[in-house]
Structure formats: structure tokens, C-alpha cells
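Let me begin by presenting the structure, written as C-alpha cells, before commenting on it.
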Amino acid sequence: MPAKESGSITLRLTSISVRNFRSIKAAEKIRLEALQAFVGENNCGKSNLLRAVECFLSSGAGGVEPSDFNDQSQPASIECEFTGLSAAERKKLRPYLLGGDRVVLRKELKILLDAARGKATVKAEYHGYQAEPKEFHLSLRKIEEKGGRPDWAKLAEEGGFLEYAKTDDGKINKTSYKAGLERHLGENEVEYDEPILGETQALGIPQNLLSALPEFYLLPAITDYSTEIDRRSSSTVFRKLMADLSERLLRVDPRYHEIDDALKRVRALLNVSSEAGAPARLTALADVETKLRDAVKNLMPSVKAVGLSIEVEEPKDIFSRGVSISVDDGVVTDVLSKGHGLQRSLVFALLQMLIQSGRENGAEDARPIVLAIEEPELYIHPHSQRLIFGVLKAFAGVKDGGENVSPDQVFYSTHSPAFIEIGNYERVAVLRKVDSDTGTTVHQCDAGVLGSMEEKKGFKLLTSFGLKHNELFFARDVVLVEGPEDEIGVIATARKLGRIKDLPDEIGLSIVVTDGKGDVAKFQKVLNAFGFRYGVLLELDGKPEDDKQTAPILENLNGNRIAKVAGRLEDLLGVGRHFDDQRHAKEFFSDPVNINANMEALVTTLLPPP
């Protein structure tokens with residue numbers, strides 16, 4: 001979606017750097033796409049990264065406790081970079097931009113000891129970058145740092161904004177100089193020094209910029225999903241969504257004012273009101289106050305009066321706390337009585353409605369939303385997972401081969417190949433934690449890793465007919481083979497060798513069928529970019545190693561394993577001809593006697609070390 005030329009500022013979160021937060025010791029410049037998946041083994045730090053985003057986009061310390069610091073003797077920091085400003089906004093915020101189009105803010109977290117309570121608390125501050133104009137008379141800070149008594153009129157004249165700096169009586173003082181300077185800088189292009197990070201909180205950053213940061217929702221991977229929907233849980237994502245959705249949908253109804261009027265009347269009936277035309281307060285409440293005053297006065301003679309103030313909720317709060325939902329799926333019952341899968345699907349449906357209502361009703365000024373989800377596949381039937389993935393893609397406005405059409409973003413962790421696409425590998429970040437000393441590391445690759453756009457389109461086409469290729473992102477190691485018959489042979493031989501009992505995933509291995517020698521190098525480039533270990537089964541087909549299809553495979557090996565066959569796999573096994581099909585291969589390899597020593601040696605080289 002193009003940035004707006006007027007109205008509120010729209011910021012898209014494009015990268016995050018996290019230091020000393022939970023398992024993350026230092027993760028720099030993690031790129032964040034409109035739709036961003038975080039994958040990795042359990043306890044590698046995926047949830048910690050989502051919590052870091054939550055902390056940055058939340059007020060105060062964002063729920064961070066001293067125990068969340070990796071090293072409690074050092075501060076923690078979360079630095080975020082935003083883009084998406086229009087030309088007018090870039091001009092307006094020029095002093096605060098890096099590279100002319102990026103806003104960078106840092107949230108610093110420190111542990112402070114509250115001596116009075118004997119308890120450690122966390123203090124958070126935003127810090128921003130700010131640049132000063134190169135010319136001395138255009139920088140109020142440079143003028144103040146020089147000291148002395150500035151000649152404001154002379155400085156304004158040198159700066160070319162004398163008329164802007166004059167007061168109503170034609171004089172110039174520091175206040176009028178500052179106002180004239182701001183107007184001059186807003187209307188004219190000037191040269192700036194390199195921006196520096198401020199030492200004081202939110203150095204020079206306008207408050208409207210901080211208030212324009214995206215709104216954040218986190219859908220956690222909870223075991224009992226009914227807590228999200230329970231009316232008593234007013235602060236859950238579900239309840240926040242109900243409130244926001246009601247706000248967006250109800251306000252466009254021409255009869256919305258009737259709710260406001262009714263609530264005003266209820267407030268007046270329950271409380272003393274000075275508003276003209278308001279109904280008189282219920283007499284019984286005044287009687288209650290009098291009787292309560294007299295009762296308290298008997299105990300505390302100094303008490304002169306007791307007043308009751310009764311709160312009446314706003315419509316948004318009513319929807320947040322007062323709505324129950326029943327579902328008819330053959331039996332009409334409260335949604336709390338339904339299964340976790342239906343409950344979570346209801347939340348995804350609300351997400352869909354929330355963003356659609358904002359777009360359909362023209363809510364251009366609404367803050368962009370960052371939706372974070374832990375394991376969206378949780379409780380969802382495998383055949384429905386791609387449908388949920390489609391909802392997330394629509395929410396983030398991503399379209400393959402085109403620009404994003406939404407200011408909103410979705411960040412999520414997943415263990416399911418249904419929620420990623422290897423063809424869109426730039427939307428995937430692989431997290432690893434080798435040991436606690438190193439902490440969480442994040443591995444990504446840019447969209448250009450495959451080179452030309454045609455090569456990337458071909459790779460997308462190759463991997464778009466199933467989920468099998470996506471599984472490599474969840475593996476500890478990978479083996480690349482050309483065809484399905486090769487995969488069958490590797491699995492059967494690994495069983496005979498005792499490396500696996502049934503399937504390769506027992507040892508964290510994914511076998512990827514590339515559907516031909518010409519596409520092996522494409523998979524290698526992606527695996528290299530993410531730092532995966534892998535092996536390649538290379539059939540030379542009697543051709544030299546500098547053959548146009550073989551050479552790229554050897555060039556991209558990157559120190560990984562390779563098992564070469566001079567001719568074909570069938571030659572190595574003494575079959576004498578190609579396998580007719582997969583069934584023929586399965587029949588052959590089902591008898592361990594057919595797996596000779598040469599095949600065993602080949603697979604031993606191909607598989608990761610025990």
C-alpha cells in the first residue's frame with residue numbers, strides 16, 4: 001500500500017536488533033517482512049523474539065522482568081527500524097531519518113533496585129536518532145552549545161528566515177527564532193550532519209511519531225484456549241479484537257449515536273450531572289449517600305459527606321467484557337463449550353473481519369497492526385492449516401509477484417510446513433541455539449539469493465505442488481537427491497545400516513527430491529544462505545564433472561557432503577536399466593539383499609555423521 005501523502009504517519013517495521021534479552025545475547029538487523037515466519041527447534045528462542053517485538057511496541061517496560069535479562073548486570077536493548085513514510089512525511093521528519101527514509105528507535109531496558117520496597121524493577125526508555133543541520137545558524141543546539149548571548153535577529157537573517165522569526169511587534173527572541181527555524185526547515189531542503197543516537201529519552205522524537213507506532217497483538221500458544229474467549233479475561237487478544245472490531249463496525253452505523261445517548265442518560269441517572277438537559281439523578285442514590293454518611297459519621301464524626309460515583313462503560317468496553325458467543329454446529333452452545341480448534345478458528349475469523357472492516361470503511365488513519373502468533377497450526381486440522389495460512393497472508397496483504405497491499409504485518413513461529421513456502425524463502429527466518437553461551441542466532445537470506453527473477457519464478461513453480469519441500473526448514477540436516485527413486489533407495493539403505501528404524505526424521509533428516517539435476521544448485525543456494533548442513537547424491541551419468549549441469553552443484557557445495565556415482569544409481573546396484581517407476585524401486589529395495597556394499601558405502605558418505 002503506498003504511503004499516504006497526508007494524515008497520520010504510517011510506519012512499517014522492517015528490522016529489529018535485540019541485545020541481552022532472554023536467550024538472545026545479540027541478534028542484529030533481523031529483517032522483518034510483511035509476513036514473517038520464525039522456525040527452529042523447541043527452546044531455540046522463537047517466542048523470545050516475538051516477545052521482544054511485543055516489548056518494543058508496548059508502553060513502559062512491556063511486561064519485562066529482571067529475569068528476562070540474559071545478563072542482569074548489563075542493560076538490554078531492542079532497536080527497531082521503520083520505513084513507509086510518504087515524501088511529505090520524510091520532509092517533515094528529516095532530522096530524525098537515517099539514509100533519508102528510515103526511522104530508527106531504540107528501547108533501552110535497565111534493572112533498578114527499589115530501595116524502599118527492596119525489589120528490582122525494570123525501567124524502559126525510548127531513544128531516537130537525530131541529525132543537526134550542517135549550517136551553524138540553522139541548528140539551535142549548535143548555537144546553544146557555543147554559549148554567550150546570541151544575536152537572534154542576525155542569525156535569522158543569515159539563515160534566510162528573518163520574517164518567519166519575528167514576533168507580532170517585529171522583534172526576535174529565542175522562542176520566535178525557534179518557531180521561525182522550524183517553519184524554514186519544514187519548507188526548504190537543507191543539508192544535515194550524520195544522525196546520532198540521543199542519550200536522553202526520545203531525543204527530539206515528536207510524540208506523534210511514537211504514537212504512530214504499530215498496534216501490537218500477540219496470540220500465544222496456550223494449552224487451554226477458552227481462557228482467550230472467557231468474558232472474565234478482558235485483556236486477552238480475543239477481547240481486544242472484540243473491542244476494536246466493535247469500534248470500527250459500530251461507528252459507521254447511522255444509529256450509533258443512540259448508544260451514546262442511552263449511555264449518557266444512564267450516567268446521568270446514576271451520577272450527579274451538570275450537563276444541560278440531562279435527566280435528574282435517581283433520588284434513591286441520594287438517599288443511599290445520606291444513610292451511608294450518617295452511618296459512617298457515628299464512627300468518624302469528622303465525616304461531612306459521602307458521594308457515590310458509578311462508572312458506566314463505553315461501547316468499546318462493553319464489547320470487550322460483555323459479549324458471549326454461541327455457535328450452532330449442529331448443537332447450539334456457548335463457544336467456551338466447543339473444541340479448541342473451533343475456538344481458535346473464531347479468533348482468526350475476527351482477525352479477518354478486523355482488517356477487512358478497516359479497509360472497507362476507509363480507516364486510512366487507523367494505526368497499522370502487527371499481529372504475532374505462536375504456532376498458528378495449534379488445534380487446527382492439517383487440511384485446514386493452509387486455509388488459516390491464507391488468512392494470515394491476506395491480513396498482511398502479501399501477493400506473490402506483487403507489492404504488499406496492507407500496512408499490517410504478521411510475525412509467527414511455526415513447526416508446520418503448511419505455514420511456510422520455500423519459494424518465498426525471504427519470508428522465513430531460521431533460529432538456532434547451539435548452546436547457552438552463544439544464545440539464539442537468526443539466519444535469513446535475501447530474495448536475490450537465486451539471482452535472476454526468472455530463476456526465482458522457476459524455483460517457486462518447482463516447489464508449489466506440495467508441502468514436502470517446505471520440510472527442509474525444520475530439519476537439522478538435509479540430503480538432496482534428483483528423483484523419488486533415489487529417495488527410496490537412500491531410506492532403504494539407511495534402514496539396513498541401522499541409522500534409522502523407519503523414516504529419516506528420526507535423526508532430524510529431510511530428504512529433498514529436486515526433480516532433476518538442473519535444480520539441485522537452486523536448493524543448495526537456499527540451504528547455504530540459511531547455514532544448513534546437507535549432502536548431495538550426484539549421479540554423473542557418465543559425463544565429466546565440468547558438465548553444465550554438474551559444475552554448478554560442485555561450485556555451490558560450500559564444504560558439505562557429496563556422494564558421487566560415475567553413472568547411474570541403477571548401475572551401482574547392478575540393475576542394468578532405469579527403475580520403471582517408484583513402485584519398481586520400492587519392490588527392489590524392499591529386499592535388503594539387493595542393497596550391495598557399494599550402495600551402503602555411498603549412503604554412509606551421504607548421511608550426516610552418527
Side-chain angles (χ1 to χ4, degrees), residues 1 4 6-10 208 211-212 214-217 219 228-286 308-329 332-338 342-369 371 391 394-395 397 405-408:
M1 177 179 290
K4 300 184 295 298
S6 61
S8 63
I9 297 168
T10 301
N208 68 331
S211 64
E215 195 166 1
F216 184 83
Y217 295 98
L219 201 58
E228 273 290 312
I229 300 177
D230 195 324
R231 280 187 291 175
R232 293 166 294 181
S233 306
S234 60
S235 62
T236 63
V237 170
F238 175 84
R239 289 293 157 190
K240 290 177 183 176
L241 286 171
M242 286 298 299
D244 284 347
L245 191 57
S246 68
E247 187 83 358
R248 293 192 183 187
L249 293 179
L250 289 181
R251 284 194 179 278
V252 299
D253 192 302
R255 296 183 62 199
Y256 178 78
H257 69 91
E258 295 181 25
I259 298 177
D260 262 348
D261 293 343
L263 291 176
K264 285 178 182 177
R265 180 174 175 80
V266 171
R267 289 190 192 96
L269 291 170
L270 297 176
N271 297 283
V272 176
S273 175
S274 59
E275 192 172 331
R281 189 189 191 205
L282 295 176
T283 306
L285 288 170
L308 297 179
S309 178
I310 302 171
E311 289 188 14
V312 177
E313 294 181 325
E314 297 292 337
K316 184 173 181 177
D317 299 319
I318 293 173
F319 269 76
S320 176
R321 288 190 282 268
V323 175
S324 60
I325 299 177
S326 62
V327 176
D328 184 355
D329 57 353
V332 180
T333 55
D334 191 284
V335 71
L336 292 175
S337 302
K338 303 298 184 182
L342 190 150
Q343 291 171 358
R344 201 166 219 224
S345 295
L346 180 62
V347 175
F348 284 122
L350 279 173
L351 288 172
Q352 209 167 11
M353 287 178 64
L354 179 64
I355 192 61
Q356 286 176 350
S357 68
R359 292 169 187 165
E360 291 170 1
N361 297 323
E364 293 90 354
D365 290 341
R367 288 168 61 188
I369 293 173
L371 171 66
V391 171
F395 190 96
V405 294
S406 166
D408 304 306

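Here, residue 1 is the first one in the sequence, and each next residue gets the next number.
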Enter the distance from [X]:[atom1] to [Y]:[atom2] here, rounded to the nearest 0.5 Å.
X: E215; Y: D408; atom1: CD; atom2: CG; result: 10.0 Å
X: L285; Y: I310; atom1: CG; atom2: CD1; result: 5.0 Å
X: I369; Y: F216; atom1: CD1; atom2: CZ; result: 12.0 Å

* Can you run down the side-chain hydrogen bond (donor to acceptor under 3.5 Å, both in side chains) pairs that involve residues 262-272, sequence neighbours left out, and say none if there aren't any? =>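 Those involving residues 262-272 are R267-E314.
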
* Which residue pairs pass the salt bridge (charged side-chain N to carboxylate O under 4.0 Å, His left out) test with at least one member in residues 271-282, sequence neighbours excluded? ->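 Found R281-E289.
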
* Asked: Around atom CD of E311, are there more than 12 heavy atoms of other residues, nucleotides or ligands at under 6.0 Å?
  ->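 Open.
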
